[in-house]
Amino acid sequence: MSMKRFGKAAYRIANELVARSGRAGIFQRLLPRIFPATYNLGIHVVLKRAPFPRQNALRIARLATRHGRLFRPFSSVIIERHRFQNRDDWRRKFEPIRKEQPRSIDLVERIKQIFGNSVRYNEDLKSSEWPNRIDSYEFGEFLGQGCNAAVYSAKLSNSDAELPNSKYSIGFNEVTDILAEVPPLSKVTHKKFPLAIKLMFNFEHDRDGDLHLWSSMGNELAPYPNAAKLLKGRMGNFQPLPAKHPNVVRIQTAFVDSLKVLPDAIERYPDALHTARWYESIASQPKTMYVVMRRYRQTLHDYVWTHHRNYWTGRVMMAQLLEACTYLHQHKVSQRDMKSDNILLEYDFDDEIPQLVIADFGCALACDNWQVSYESDDVSLGGNTKTRAPEIATVTPGRNVKVDFEMADTWAAGGLSYEILTRSNPFYKHLDTSTYLESELPALPSRVNFVARDVIFDLLKRNPKERVKPSVAANALNLSLFRMGEDVKQMMEKCGISQATTLLAGVSKGLSQKINNRLDEVINLITAETIMANLAPHLISRAERQLRATFLSRLNREDIWKSLHYFFPPGVQLATPATSSDCLESISSFISSLSNGSEELEMKRKPAKNGYNVPILLRNVIRTDSDELNGIVHRVRSK
Ligand SMILES: Nc1ncnc2c1ncn2[C@@H]1O[C@H](COP(=O)(O)OP(=O)(O)OP(=O)(O)O)[C@@H](O)[C@H]1O
């Protein structure tokens, strides 16, 4: 087919589609799809049949590039030719375009798509296959142990090669690292044993078969999206989380295999070994379940006692915890053992903001129902009694008694937030979850951000109906962490958000449309800042960038309005000049602070300790002050 004939055919189809849809817009959408193919085919024709000299092919290629079309490699040209020669394929190629309805995508939906579906903002979208045999792994050091399992570091046997997802680069992709000129030293941290294997204790070695292992230990797999396939209905109505989440422990795979007796096993957990004297009949081949996870660096409990941290870091950690709670809540999963030993952290450098995950789902409730019948003491109410929410701690067993776990993890996140910010969880020692009064909650240090302080108080409300929803709490924290201009609240005021708009939002449709437009301006700014932050990964830590992507991928206007009450509480008067030009000013001030930041960096020629520099764009500085109470480092405003 000559170029001319092909071009005519493409034009005819485009015309037909325009006629069918009755919208000229579709033609514009169609052109970019037709013309790269035309160019590619032209190049192919030129190269293979050589009706023109070779230079002409390159001219066409250059033309294609100049017109904004990506010049595909020649191999794809050949594929294109075959597709175009086949009539059926030809039709199918345009099928999706034909079905595509002309639509105006809502801003929030569009942002959700960008941040939820792109690997650039969400490295968790990458997937990989892991072996399901214990021989395939080599064990390293002992990492920890609880009542149900021992955890060891591990790697794939005979493989010093890079494991999928085992390297952490500073940026979300190499291009952004290059743009940001990240020092090579800090680019990649390679762990020799990047995995952690949880070796579950099997106290029933006298039982043959795998069934009892899957059904008694399967809860551990609540965060593993493939668990349903593995369990094959062996756990009744068990419903694991449907997808990975950056703030939920990453399980790579799980399997049942023969029990591996490691050198320290007899000393550490003799009762869980089949050599224990009191087992009369041992099954022919003792087995257990192994859970292969990403390896994290430290528990939250250890971290708060070994690291100086500032309140900004604390707030980012708190927001990550609440993002995890939001995700669990959305899918009706309750972890039910929210203590700081079960919160794991990942970081490469001591002064880096850690990535936080909720781990250990051994006590989890994951059956699409928050309610558990509590007819006798034998029913498990989850892990540690000190971290049970008041509605769980105060219940007594009886006929038709139900316990509702919907807000249990959210409550526990309040206690953990105290631990993140002050090292001490009031419920471990001073307060009893079943009897405490809200007025007895210890005061937080005055320099804790007002949003974080109010959110913690609302998380710890005794009445689960009055407790703040995790999504609203997470939104408030996330909004408080944006850096646009001087102050988030001022930025919102400049976009037209005020106490009045916050109160009026959702009152009537016409009204809320107008008010929502103001919110959209804020969301636009936040999105712009996040995209720019991703281009300069040395300014904002990996954990924070991931947090923003997580937040933006689940935007919901209604929840955002609710969270704005933390910034504009009813009863406080505000004066708010609100113009769009102010918003633009905010953007340009942000852009210039970005470039000022890099100039300043250039001048100092002093690479940051951790590869990230303190965010200069903030106009706030993080000052290390080790004399502070509890060793907490405070974030203060620069002069
Ligand atoms: N993925 C991981 N990476 C690094 N260390 C880990 C990991 N998972 C667990 N650990 C370490 O192992 C310890 C025990 O793990 P875990 O809490 O899951 O065991 P458990 O027997 O279920 O505990 P519990 O008695 O609370 O039920 C943790 O406190 C932590 O120190």
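As the structure lists them, so they are numbered: ligands from 1, and atoms in each ligand from 1. Start at 1 with the first residue, then count along the sequence.
- Not a single heavy atom of R297 sits less than 4.0 Å from an atom of ligand 1.
- Under a 4.0 Å criterion applied to the non-hydrogen atoms of N342, ligand 1 contributes the atoms 17 (O).
- Close to ligand 1: A149, with a non-hydrogen atom less than 4.0 angstrom away.
- When only non-hydrogen protein atoms are considered, atom 18 (O) of ligand 1 lies nearest to K198 NZ, 2.6 Å.
- Side-chain contact check for Y152 and D264: at least one donor-acceptor pair (N or O, by modelled atom type) lies under 3.5 Å.
- Remark: among candidates L345, I251, N148, the nearest residue to atom 27 (O) of ligand 1 is N148, based on non-hydrogen atoms.
- For W214 and F238, the distance between ring centers is not under 6.0 angstrom.
- In this structure, R133 is not positioned above the aromatic face of F255 in the sense of NZ or CZ being under 6.0 Å from the six-membered ring centre and within 45° of the axis.
- Those atoms of ligand 1 with a heavy atom of A196 less than 4.0 angstrom away are 1 (N), 2 (C), 3 (N).
- Salt bridge present: K198 and D360 bring a charged side-chain N and a carboxylate O closer than 4.0 Å.
- Of the N or O atoms in E220, none lie within a sub-3.5 Å distance of an N or O in ligand 1.
- For the residue pair Q320 and N247, a side-chain donor N or O sits within less than 3.5 Å of a side-chain acceptor on the partner.
- The protein heavy atom nearest to atom 1 (N) of ligand 1 is R294 O, 3.0 Å.
- Between C147 and ligand 1, at least one N/O pair is under 3.5 Å apart.
- Distance from atom 3 (N) of ligand 1 to its nearest protein heavy atom, with residue and atom name: Y296 N, 3.0 Å.
- Against a heavy-atom cut-off of under 4.0 Å, L344 is close to the following atoms of ligand 1: 1 (N), 2 (C), 7 (C), 8 (N).
- Side-chain contact check for E323 and T550: no donor-acceptor pair (N or O, by modelled atom type) lies under 3.5 Å.
- Checked against a 3.5 angstrom limit, the closest N/O atoms of M293 and ligand 1 fall outside it.
- T326 and R554 form no side-chain donor-acceptor contact under 3.5 Å, judged by distance and modelled atom types alone.
- Contact annotation for V249 and ligand 1: no heavy atom of the residue comes within less than 4.0 Å of the ligand.
- Among the atoms of K339, some N or O lies under 3.5 angstrom from an N or O of ligand 1.
- When the options I343, D341, V151, L143 are ranked by their closest heavy atom to atom 15 (O) of ligand 1, first place goes to V151.
- Salt bridge E141/R295: present, at least one basic N to carboxylate O contact under 4.0 Å.
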Show your working on ring pair (Phe, Tyr, Trp, His ring centres under 6.0 Å) between H307 and Y347 and close with a plain yes or no. CA-CA 12 Å; H307 281 72; Y347 54 94; 5.2 Å; yes
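- Distances from atom 23 (O) of ligand 1 to the heavy atoms of V291, N384, D360 put D360 nearest.
- Checking only distances, R295 never comes within under 3.5 Å of ligand 1, N or O to N or O.
- The ring of H301 has its center no closer than 6.0 angstrom to the ring center of Y428.
- For ligand 1, the atoms closer than 4.0 angstrom to any heavy atom of T299 are 29 (O), 30 (C), 31 (O).
- Put simply, the side chain of S373 never gets that close to the backbone of E375: no donor and acceptor are under 3.5 Å apart.
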